[in-house]
Q: 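Could you have a look at this structure, given as structure tokens, before my questions?
Here the structure is a predicted model, which is why all the values come from computation and not from measurement. Position 1 is the first residue of the sequence; numbering continues from there.
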Amino acid sequence: MVDIGEKPMRARKGRPEDTTGMGKQAVVRNKTANPQQITAEQLLREAVDRQEEEAKPPRQRIADEDELQMYRVRKRKEFEDVIRRQRQNIGAWTKYAQWEASQQEFRRARSIFERALHVEYQNVSLWLKYLEMEMKNKFVNHARNLFDRVSQLLPRVDQFWYKYAYMEELLANYAGARTIYERWMEWEPEDGAWLQYSKFEERCGEIDKGRRVMERYVSCRPTQQSFSRLCKYEEKHNNVARARSGYEKGVEMLGNELDEKYYIKFAQFEQRQKEMERAQAIYKLALDVLPKGASDELYRAYVSFEKQHGDRDAIEEVVLNKRRFVYEEGVKKNPRNYDIWFDYCRLEESCGDVGRIREVYERAIMHKPPVLQKRFWRRYIYLWLYYALFEELQTGDVEKARAVYDKLIKVVPHRQFSFAKVWKLYAEFEVRNLSLDRARRIFGRAIAECQKERIFLDYADLEMRLGNIDRCRTIYSKFLEAHPHNPKAWNVYVDLEDSVGELERARELCKIAVDQDRLDMPELVWKRYIDLEVSHDELDYARKVWQRLLHKSSHVRVYIAYSEFEAQTCESLPRCREALERGVKHFKAENRGDERAMLLEHWLKLEREFADEENASALEKRQPKRVKKRRAVPTETPGQEAYEEYMDYIFPDDKPEQQNLKILEMAHAWKKRKIEGAT
């Protein structure tokens, strides 16, 4: 049938073009599914059910000699045809020979095997089949001859030697088996051959000969495994001295080639002999010789040994060595991982070995951060500080601690950044050692090099504790020269004068401070000025300061704070109301509704707090109403209008025409834009 859309195939000669009887345009009109469906599984089942049984050849019964000869001739002809076609097929040769052997034709079988060996004499399977036939049929001499031949042709195939020696041993020909083993050992075979030889001597009861075999094995193959086997053999036969000598000889000869398993076996051998000191010495030797990364199992075995037979100090020493190795590996990977150095130093400090502690600290401080950024130097600086504290507190070596501090001061790049903690700790160290002049020189050098705020404060605190007020004044003067815009510099100076009872000096300092044109956070200075006057009950002076502040700044927070001062500190509600009314008028004039509403809300809160119901009800009527409004916003496209919503306040105090003033202004602005757009 021809598919639609394709060219019809040309009809064969002598046949009609259409063989379906459906015409040239053969189309399947009914495409619905057949009601009787057939699956692939049904097809397979039918194929299996209808499959005919395999034809089995009839069983032939041979009745006389002639039929047997005919059968043999026919089978031999079949085998010969096969090996003539497939000469390299060793399986065919083997089947042929085994069939001849089954017919008790051993001479023919040997002939076939020999012919096959001429084809491929290196085939191990062929030799094994040949030997199996001879041994199975008890042709011992033939088997010996075959073993001699194959051991000369294929001496590196251990299987033939194994079978040869085993056969002689089964025949109780121990001398012959020993001769075979000796011939085999001349080829220096693998480890298994030597072990079989020694086990053969053990079975024969010749322990000394087996020992000599093991010694020859070790001299032929001086490996860790061979020494272990020799020592195990000697221990098995209760020759402890020779076993120990074998272990020691292995350590002497192999040395670095040994791994942790050999030392563990050596130590366990000594434990079995109750020689605990020897075992401990072996463990320690192994831990010193072997690389730390390849001795985890050895560490566990040593710890277990010390727990059973050792003391607490020995166990701690093992644990410390393990942790030292971990830290050494960590700093080797990243020498600037200061957290590992901290842990390493703490570990050594817990041991108490001053030499090792100094060595670790010196190694740690050698690795400076490569980048001149303060955040990378913070951890590094603490290494120096811990080093100096160790020298001062634990060793008591003051000169060494001073030298550490001096080196630290030279290491830090003070032009880029500095650390006030370093200068402070250095100065406190000198104070503890009663060297006040050194401490002052240190702070003076710090002020000259970095001028950090913390340094001025720490230096002044030191002089204050010593009672040197004039020196404190000098320090704070330098502080103001270095940081004139820092409000803390002014405040601490004022605190100093206030603490010594110099009110006028403190007041003058505050006046100078508030008169500064530039100050980072002036509100702190104003607050300190006011607190100074209030603390000495100078309320009139404080009120003048508040008035001066209000004149300079009209912030809503200032009005609120001033009102609280009058209401709570001075207990003068009229002055409080006057200040709040002044603020409300000020914000009303500047058209600042949010600040005005905040001030009215605070005023109402104060009236309620002091229980003045009449004034509180009057203020409630003055509270604004919050409404939502719209306003025009400029757009990028000319002529296009856009609006945004915002929250505004409507105050009852405002006149109606004032309330509508904004709406009129917006209307005028809209009309103006419309006229400009039309033109």
Q: For Tyr247, give me all partners under ring-ring contact (aromatic ring centres under 6.0 Å, His included), at least two apart in sequence or on another chain.
A: Tyr262, Phe266, Phe269

Q: Do the side chains of Glu168 and Arg144 get close enough for a salt bridge, i.e. N-O under 4.0 angstrom?
A: yes

Q: Can you give me the closest heavy-atom contact between Ala109 and Met133, atom names plus distance?
A: CB-SD, 3.7 Å

Q: Any carboxylate oxygen within less than 4.0 angstrom of a Lys/Arg side-chain nitrogen, looking at Glu201 and Arg211?
A: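 No, no charged N to carboxylate O under 4.0 Å.
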
Q: Charged N to carboxylate O under 4.0 angstrom, Lys236 versus Glu202?
A: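 The answer is yes: the pair qualifies as a salt bridge.
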
Q: Between Glu169 and Tyr181, is a side chain to side chain donor-acceptor pair (under 3.5 Å) present by the stated rule, with each step listed?
A: CA-CA 11 Å; Glu169 187 177 356; Tyr181 276 118; 5.1 Å; no

Q: Could you tell me if Arg363 sits above the aromatic ring of Tyr344, with its cationic atom closer than 6.0 Å to the ring centre and no more than 45 degrees from the axis?
A: no

Q: Evaluate whether atom OH of Tyr382 has more than 12 neighbouring non-hydrogen atoms of other residues, nucleotides or ligands under 6.0 angstrom away.
A: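 Open: at most 12 neighbouring heavy atoms sit under 6.0 Å from OH of Tyr382.
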
Q: When you check the gap from the basic side-chain N to the acidic O, do Arg242 and Glu234 get nearer than 4.0 Å?
A: yes

Q: Taking only residues two or more places apart in sequence or in another chain, which ones pass salt bridge (Lys or Arg N to Asp or Glu O under 4.0 Å) with Asp66?
A: none

Q: Do Glu80 and Arg115 sit within salt-bridge range, that is, some charged N less than 4.0 Å from a carboxylate O?
A: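 Between Arg115 and Glu80 there is a salt bridge, with a charged N closer than 4.0 Å to a carboxylate O.
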
Q: Does any donor atom in the side chain of Arg216 or Tyr197 lie under 3.5 Å from an acceptor atom in the other side chain?
A: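 Short answer, no.
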
Q: Using ring centroids (six-membered ring only for Trp), state whether Trp184 and Tyr162 fall under 6.0 Å.
A: yes

Q: Examine the side chains of Trp194 and Ser226 and answer whether a donor and an acceptor come within less than 3.5 Å of each other.
A: no

Q: Using a strict cut-off of less than 4.0 Å between a Lys/Arg side-chain nitrogen and an Asp/Glu carboxylate oxygen, indicate whether Glu329 and Lys332 qualify as a salt bridge.
A: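 A salt bridge links Glu329 with Lys332.
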
Q: What residues form a ring-ring contact (aromatic ring centres under 6.0 Å, His included) with Phe342, not counting sequence neighbours?
A: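 For Phe342, the residues satisfying ring-ring contact (aromatic ring centres under 6.0 Å, His included) (neighbours in sequence not counted) are Tyr386.
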
Q: Take a 6.0 Å sphere around CD of Glu41 and say whether it holds more than 12 heavy atoms from other residues, nucleotides or ligands.
A: no

Q: Check side-chain contact (heavy atoms from CB on, under 4.5 Å) between Arg278 and all other residues, then give those that pass, not counting sequence neighbours.
A: Arg244, Glu248, Glu270, Glu275

Q: Any carboxylate oxygen within less than 4.0 angstrom of a Lys/Arg side-chain nitrogen, looking at Glu359 and Arg356?
A: no

Q: Going by heavy atoms in the side chains, are Arg229 and Asp191 under 4.5 Å from each other?
A: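 When only atoms from C-beta onward are counted, Asp191 and Arg229 do touch, with a gap below 4.5 Å.
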
Q: Between the side chains of Arg149 and Glu114, is the shortest nitrogen-to-carboxylate-oxygen separation below 4.0 Å, so that they form an ion pair?
A: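 Between Arg149 and Glu114 there is a salt bridge, with a charged N closer than 4.0 Å to a carboxylate O.
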
Q: Can a side-chain donor-acceptor contact be found between Gln42 and Glu46 if the only test is distance below 3.5 angstrom?
A: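 Their side chains do not contain a donor-acceptor pair, so the 3.5 Å distance test is not met.
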
Q: Check this for me: Asp288, atom CG, are more than 12 non-hydrogen atoms of other residues, nucleotides or ligands nearer than 6.0 Å?
A: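 Enclosed.
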
Q: Between Arg402 and Glu430, is there a side-chain N and carboxylate O pair less than 4.0 Å apart?
A: yes

Q: Heavy atoms, side chains only, cut-off 4.5 Å: are Leu195 and Met214 in contact?
A: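 Contact flag for Leu195/Met214 side chains = yes.
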
Q: Taking only residues two or more places apart in sequence or in another chain, which ones pass salt bridge (Lys or Arg N to Asp or Glu O under 4.0 Å) with Glu67?
A: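 So Glu67 forms no salt bridge (Lys or Arg N to Asp or Glu O under 4.0 Å) with any residue.
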
Q: Identify, with sequence neighbours excluded, every residue that meets side-chain contact (heavy atoms from CB on, under 4.5 Å) alongside Glu188.
A: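 side-chain contact (heavy atoms from CB on, under 4.5 Å) check on Glu188 returns Cys220.
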
Q: Between Asn239 and Tyr233, is any side-chain donor less than 3.5 angstrom from a side-chain acceptor?
A: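 No pair is found: no donor N or O on one side chain lies under 3.5 Å from an acceptor on the other.
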
Q: Is Glu206 salt-bridged to Arg178, cutoff N-O under 4.0 Å?
A: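 No, no charged N to carboxylate O under 4.0 Å.
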
